[in-house]
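Below: the structure, in structure tokens.
All ligand and atom numbering here is 1-based and tracks the order in the structure. Since the structure is predicted, the reported quantities are computational estimates derived from the model, not experimental observations.
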Amino acid sequence: MTHLSDNLSHVQARIAAASMASGRGLGSVHLLAVSKTFGADDVRAVAACGQRDFGENYIQEGVEKITKLAAQTHTPALVWHCIGPVQSNKTKLVAEHFDWVHTLDRLKIAQRLNDQRPPHLPALQVCIQVNIDGGDTKSGVAATEVLALAREVAKLPRLTLRGLMTIPDPVDGFDAQVAVHSKARAVFDQVKAALNPPQFDTLSMGMTGDLEAAIQAGSTLVRVGTAIFGGRTYPA
Ligand SMILES: *Cc1c(COP(=O)(O)O)cnc(C)c1O
């Protein structure tokens, strides 16, 4: 398991260096460890190094890990982020098991999550996913429609609107990466100026390949899988 702690330290060092290089304080960027396709044992090993926030794409897989780890008294309390698409028939599972959802892109899903969030849990923390570069087939809300959705989501009492999330298509070169992430930053600033939701503080962008550029553009949360857990193999 040593390689996991080495990988985690390396990613933390990359985040620290990028934060300094962009004139931002240490600790201004959170790390979300993306554990999709990896088992509960790997999550536990990374948690043992102090990492607390974990991200999952596939609801069923995520819920299995969450349940398994929550039952282990020697595993610290973890914060679970849903970063994959959420269909209507999965909202209940998400509302009952996750702490965060990064991929909100429809009011209907927001309403279901709001209605299904169990009363004994704190409000679900949500980000609206913005399709910053893409065509019609990409998930996420068009930049021009983010504010209207944010206005409605902010009214839902069992959700707390925390910010925006984006997954730009890979582009070559640091400057090109910064340029696309900066568009998301601009939408974030626009929503903040127009609506100023009480806890609107999260810009979720940057992954293994582009986290430095995302931080340069203002990311407050990077979602890193490969650089921590290694390459993924998907079931056929
Ligand atoms: C898989 C995934 C990541 C992590 O990607 P890496 O390139 O492995 O760091 C981040 N965000 C989302 C939405 C993902 O699906």
Shortest protein heavy-atom distance from [atom], along with the residue and atom involved:
atom                    : result
atom 1 (C) of ligand 1  : K36 NZ, 1.4 Å
atom 8 (O) of ligand 1  : T226 OG1, 2.5 Å
atom 11 (N) of ligand 1 : R223 NE, 2.8 Å

Going by the order shown, which atoms of ligand 1 are within less than 4.0 Å of some heavy atom of [X]?
X    : value
V224 : 9 (O)
I83  : 11 (N), 12 (C), 13 (C), 14 (C)
N57  : 14 (C), 15 (O)

(Q) Before you tell me yes or no, could you show the steps for R162 and D201 under salt bridge (charged side-chain N to carboxylate O under 4.0 Å, His left out), namely the whole-Å CA-CA distance, both residues' side-chain angles and the distance that decides it to 0.1 Å? (A) CA-CA 6 Å; R162 295 298 298 270; D201 58 4; 3.0 Å; yes
Q. At a non-hydrogen distance cut-off of under 4.0 Å, which region of T208 contacts ligand 1 (side chain, backbone, both, or neither)?
A.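 Within the 4.0 Å criterion, T208 contacts ligand 1 through backbone and side-chain atoms alike.
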**Q.** ligand 1 versus I167: contacting region, heavy-atom distance under 4.0 Å
**A.** side chain
Q: Drop me the distance from T37's OG1 to F229's CZ, to the nearest 0.5 angstrom.
A: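 Reported value, rounded in 0.5 Å steps: 9.0 Å.
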Q. Where the closest heavy atom to atom 3 (C) of ligand 1 is concerned, which of E56, Q129, M207 has it?
A. M207
Q: Return yes or no for this condition: an N or O of G225 is under 3.5 Å from an N or O of ligand 1.
A: yes
Q. R223 and side-chain contact (heavy atoms from CB on, under 4.5 Å): which partner among I167, L31, D53?
A. I167
Q: Measure the distances from the heavy atoms of R232 to every atom of ligand 1 and state whether one is below 4.0 angstrom.
A: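 Yes, R232 has a heavy atom closer than 4.0 Å to ligand 1.
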(Q) Determine whether a donor-acceptor pair (N or O, by modelled atom type, separation under 3.5 Å) exists between the side chain of S219 and the backbone of L221. (A)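 Present.
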Q: Considering only NZ, NE, NH1 and NH2 on the basic side and carboxylate oxygens on the acidic side, decide whether E61 and K36 come within less than 4.0 Å.
A: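 Between K36 and E61 there is no salt bridge, as every charged N stays at least 4.0 Å from the carboxylate O atoms.
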(Q) Check K92 with E96, please: is the shortest side-chain N to carboxylate O separation under 4.0 Å? (A) yes
Q: Kindly determine whether D115 and R112 satisfy salt bridge (charged side-chain N to carboxylate O under 4.0 Å, His left out), including the steps that lead there.
A: CA-CA 5 Å; D115 295 346; R112 289 178 65 90; over 6 Å; no
Q | Within one Ile-Leu-Val-Met-Phe-Trp-Tyr cluster: V79 and I66, side-chain cutoff 4.5 Å | A | no
